[in-house]
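Below: one structure, written as structure tokens.
A note on names: the letters A, B, ... follow the listed sequences, proteins ahead of strands, and every chain is numbered from 1. Remember, predicted model here, so these are calculated numbers, not experimental data.
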There are 2 protein chains.
Amino acid sequence: MLTDETRYKLLKRLEENPHINQRELANELGISLGKTNYCLKALIDKGWVKVGNFRQNPHKLQYAYLLTPKGLEEKARVTLRFLKRKQQEHEQLLEELKELREEVAALKPLEEGEV
Amino acid sequence: MLTDETRYKLLKRLEENPHINQRELANELGISLGKTNYCLKALIDKGWVKVGNFRQNPHKLQYAYLLTPKGLEEKARVTLRFLKRKQQEHEQLLEELKELREEVAALKPLEEGEV
DNA sequence: CTATCACGTTCAACGGGTGAACAAAGCGAT
DNA sequence: ATCGCTTTGTTCACCCGTTGAACGTGATAG
């Protein structure tokens, strides 16, 4: 599953550092290698990311995952979308917290240690 | 899987209204019937909830899922635990929002409609 | 007594995630 | 050039929680 969240994180991380391998990506994003591979391919298929190789540069060999111009546009869009979603989540969370606090206040006080 | 979240929601809902069936519970908690059944049984096994029947009452038959005294204690504990977790989530979310806003601010402005 | 309804209970099927295992490609030493 | 060794991408069988249709049961109405 390629969600907005992983899409966003991938594009962001790749823009920061195109010289990164899938295992590191997986670690940093907190997802498995398999999923990383799957999602990354999806980005490539869509044309947001292009793999370039740098053999010309003697040492510092390695490939790189570069954002295409379309990839940059997409990243902007996803970021905004993601921000909005997080703002909604935030409001919802505030309400939940309010309810929870009221409920806790209604309880016979408990020692903190008992939790 | 019986998480703190469903544990909390179940105990809360059952305290509010012990005369509720598993299908309604499932709807209100936003989980499947199967999971509701599974989690409810877990609460019963632990001794937090007891099923009482009310056959004596001619009409208004039906069973009921009643919180035991231990169930009430547990509910208090879970509520506090859950509140703390949500507070942490909240802080984390604020940071994420901050980062996202900075990132959005750094973009070439986009029409809202383009998202 | 039988059909129907309202329940709780079960479990085969599904789906997403995982990471071990494999394939390919580069590097260094001989 | 050859042979390991290392790094990296790719695959896919497996795991595990979730789902909801199907089933069993017991009460109700007709």
Can you check the I20(A) CD1 to dT7(D) P distance for me, whole Å?
16 Å
When the distance from CD of E24(A) to P of dT7(D) is rounded to whole Å, what number comes out?
12 Å
Using a strict 4.0 Å threshold on nitrogen-to-oxygen distance, state whether E15(A) and K12(A) make a salt bridge.
no
I want to confirm an ordering. Mapping G34(B) and I31(A) to their closest nucleotides on DNA chain C, which one lands closer to the 5' end?
G34(B)
Do L43(B) and L10(B) touch side chain to side chain, with heavy atoms closer than 4.5 Å?
yes
List in chain and number order the residues that pass side chain to side chain contact (heavy atoms under 4.5 Å, CB included) with E95(A), two or more places apart in sequence or in another chain; answer none if no residue qualifies.
none
Could you tell me whether Y38(A) contacts a base, only the sugar-phosphate backbone, or nothing, with contacts defined as non-hydrogen atoms closer than 4.0 Å?
nothing
Counting only non-hydrogen atoms, which of residues 1-18 of chain B are less than 4.0 Å from DNA chain D?
M1(B)
Minimum-distance nucleotide (side-chain atoms of R23(A) versus dG17(C), dT11(D), dG9(D))
dG9(D)
Interatomic distance, L33(B) CG vs dT18(D) P [rounded to whole Å]:
14 Å
Nearest whole Å is fine: how far is dT10(C) P from L40(B) CG?
13 Å
In whole angstroms, how far is the C1' atom of dG8(C) from the CD1 atom of I44(B)?
10 Å
Holding to side chain to side chain contact (heavy atoms under 4.5 Å, CB included), I want the full list of residues that pass it with I44(A), two or more places apart in sequence or in another chain.
L40(A), V49(A), V51(A)
Sole candidate of R85(B), Q87(B), Q92(B) that passes side chain to side chain donor-acceptor pair (under 3.5 Å) when paired with E89(B)
R85(B)
For dT8(D), take OP1 and OP2 only and decide whether either is under 4.0 Å from a side-chain N or O of N21(A).
yes
In whole angstroms, the gap separating P of dG8(C) from NE2 of H19(B) amounts to 13 Å
OP1 or OP2 of dG9(D) less than 4.0 angstrom from a side-chain nitrogen or oxygen of K35(A), does that happen here?
no
Examine dT9(C): is either OP1 or OP2 under 4.0 Å from a nitrogen or oxygen in the side chain of N37(B)? Give yes or no.
yes
Contact under 4.0 Å: Q22(B) side-chain N or O vs dC7(C) OP1/OP2
no
Looking at K50(B), I'd like to know if its NZ atom is crowded, meaning that more than 12 non-hydrogen atoms belonging to other residues, nucleotides or ligands lie closer than 6.0 Å.
no
Which nucleotide wins on minimum distance to the side chain of K41(A), given the candidates dT9(C), dG8(C), dT10(D)?
dT10(D)
For the atom pair CD1 (I31(A)) and SG (C39(A)), what is the distance rounded to the nearest 0.5 Å?
5.5 Å
